[in-house]
Amino acid sequence: MAEARCRVVVLISGTGTNLQALLDTFAAADSPAEIVGVVSNRPGVGGLERAARAGVATAVVDHRDFPDRAAFDAALLDKVASFAPDLVALAGFMRILGAEFVRHFAGRLINIHPSLLPRYPGLDTHKRAIEAGDSHGGATVHFVTEELDGGPAIVQAAVPILPDDDPGALAARVLTVEHQIYPLAVEWFASGRLALRDGQALLDRQPLPAGGYRFEE
Ligand code: GRF
């Protein structure tokens, strides 16, 4: 009998190009992961359409429907858990998750962030990298902990910052590598090669370096 595929739930707030990369990579029935659900905190976003086109179940948990963060967090946890995920992947999910959510999915909760962490956690990463005169921008996939954009890195890819770059141009260049490293991290996890143990990210049982595996195109 074929081994069970890793059940992945993707959380989004917007366009969902990273979601699309995951849907495309794991579309085949014999791939190690299966996107079983997509949950958005915003109704009507492009990522929900991408999921529907791929025949993947969708749900909306709109943060505006809840009196406070704790109530939203609890409802989101229930909805995500209802898909019985092995892995929860944040892909442009623009709400900060509460401690209970993070603890519940600890070790099976990952995020992609558009900077070379630990540089530029938070927002406006490309603008900040350009203004600092950095030679490179990039993206990092990391395990999610209670520290915002601060969990152990899994894989990182750098791209050059060119003289005439504005944040939009750099964002587009970074997105092309995001679409490569997020599927790679999910594949590693799904095939049992990637784990979080005692706060350390391990690939093939070996500790990953602080910035994660250095992806080269
Ligand atoms: C990406 O840049 C991702 O790194 C960040 O949000 C953006 C989402 O883009 N967390 P998309 O919705 O996947 O196109």
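Remember, it's 1-based here, ligands and their atoms both numbered in the order they're listed.
- Here the heavy atom of the protein found nearest to atom 8 (C) of ligand 1 is Gly92 CA, 3.6 Å.
- Closest heavy-atom approach to atom 12 (O) of ligand 1 among the candidates Gly16, Gly46, Ala139, Ala21: Gly16.
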Item to check | From CA spacing to verdict: side-chain hydrogen bond (donor to acceptor under 3.5 Å, both in side chains), Tyr182, Asn111 | outcome: CA-CA 9 Å; Tyr182 216 9; Asn111 180 43; 5.1 Å; no
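- Atom CG of Leu117 and atom CZ of Arg119 lie 11.0 Å apart (nearest 0.5 Å).
- Between the side chains of His179 and Thr17, a donor-acceptor pair is found at a separation under 3.5 Å.
- Residues Ser13 and Arg95 bring no donor and acceptor atom of their side chains to less than 3.5 Å of each other.
- Atom CZ of Arg197 has 12 or fewer neighbouring heavy atoms from other residues, nucleotides or ligands inside a 6.0 Å radius.
- In this structure, the protein non-hydrogen atom closest to atom 2 (O) of ligand 1 is Glu178 OE2, 3.0 Å.
- Here is the list of ligand 1 atoms found below 4.0 Å of a heavy atom in Thr17: 11 (P), 12 (O), 13 (O), 14 (O).
- Residue Asn18 places at least one N or O, backbone or side chain, under 3.5 Å from an N or O of ligand 1.
- Remark: ligand 1 atoms within the under-4.0 Å shell around heavy atoms of Ile112 are 3 (C), 4 (O), 5 (C), 10 (N).
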